[in-house]
Amino acid sequence: MPYVSRANIAVTTPVELVPAGQNLSRINSIIFTNTHASNSVSISLKLYNATNGLTTHIVKNTAIPAGVSLELDTSRIVMDFSLNQDNLTVTASTTGGLDVIINS
């Protein structure tokens, strides 16, 4: 069964998009949409692995102009969301105005 997650990011602190324990091995794409009327938003998308304590940036400080969407093809990135393994977080530079859709 495909995994689809939708989130409205309204804070500037890291938000967990896919927690460990989802039993998910692949995410095909992630779509970020800046819903602000005039402000750009910068995002950082991180993959954290609890086994080795390693945090890896998938994107870092990537600016998305107002009213624009960014789609990431993540189908070739191996992620292990089984219990106590990887989790995926996003951090936005401004409050409100960022929508996220994840498709597996």
Side-chain angles (χ1 to χ4, degrees):
M1 161 124 346
Y3 176 84
V4 177
S5 175
R6 295 173 179 87
N8 303 105
I9 309 302
V11 296
T12 57
T13 55
V15 174
E16 190 172 58
L17 295 175
V18 182
Q22 286 295 322
N23 197 24
L24 191 65
S25 62
R26 174 168 286 135
I27 292 175
N28 292 320
S29 66
I30 305 172
I31 301 169
F32 299 94
T33 301
N34 181 351
T35 60
H36 279 286
S38 59
N39 297 330
S40 68
V41 63
S42 292
I43 62 164
S44 291
L45 182 67
K46 298 178 190 177
L47 185 63
Y48 172 75
N49 183 279
T51 300
N52 60 22
L54 183 65
T55 298
T56 306
H57 281 87
I58 296 173
V59 296
K60 183 175 182 179
N61 297 329
T62 300
I64 303 173
V68 173
S69 294
L70 169 68
E71 181 175 7
L72 298 176
D73 177 359
T74 55
S75 62
R76 298 183 68 184
I77 299 173
V78 177
M79 301 177 210
D80 181 4
F81 295 104
S82 60
L83 188 60
N84 297 322
Q85 293 299 315
D86 293 338
N87 71 1
L88 190 64
T89 61
V90 66
T91 305
S93 64
T94 60
T95 58
L98 180 66
D99 291 344
V100 182
I101 299 175
I102 298 173
N103 295 298
S104 69

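Minimum interatomic distance between Gln85 and Asp80 (heavy atoms only, all atoms of both residues): CB-O, 3.0 Å. Closest approach of Thr55 and Tyr48 over heavy atoms only: OG1-CD1, 3.2 Å. Pairing each heavy atom of Thr95 with each of Ala10, the nearest pair is CB-O, 3.5 Å.
When atom types are taken as modelled, the side chain of Asn34 and the backbone of Asn39 share a donor-acceptor pair closer than 3.5 angstrom. Using modelled atom types, no side-chain atom of Thr89 and backbone atom of Glu16 make a donor-acceptor pair closer than 3.5 Å. Proximity of a side-chain donor or acceptor of His36 to a complementary backbone N or O of Pro65 within less than 3.5 Å is not detected.
Proximity of Thr74 to Met79: side-chain heavy atoms (C-beta onward) are separated by under 4.5 Å at one or more points.
Here CG of Asn87 is found 9.5 Å from CG of Leu17. Values are rounded to the nearest 0.5 Å. With values rounded to the nearest 0.5 angstrom, Leu70 atom CG is found 9.5 Å from Ile30 atom CD1. Atom NZ of Lys46 sits about 11.5 Å away from atom CD1 of Ile58, to the nearest 0.5 Å. Note: Asn103 CG to Ser29 OG = 4.5 Å, rounded to the nearest 0.5 Å.
In the hydrophobic clustering of this structure, Val59 groups with Leu47; members are Ile, Leu, Val, Met, Phe, Trp, Tyr whose side-chain heavy atoms approach within less than 4.5 Å, directly or through other members.
Of the candidates Leu72, Ile77, Leu88, Ile27 forms a side chain to side chain contact (heavy atoms under 4.5 Å, CB included) with just one, namely Leu88. Applying the side chain to side chain contact (heavy atoms under 4.5 Å, CB included) test between Phe32 and each of Ile9, Ile101, Leu98 identifies Leu98 as the sole match.
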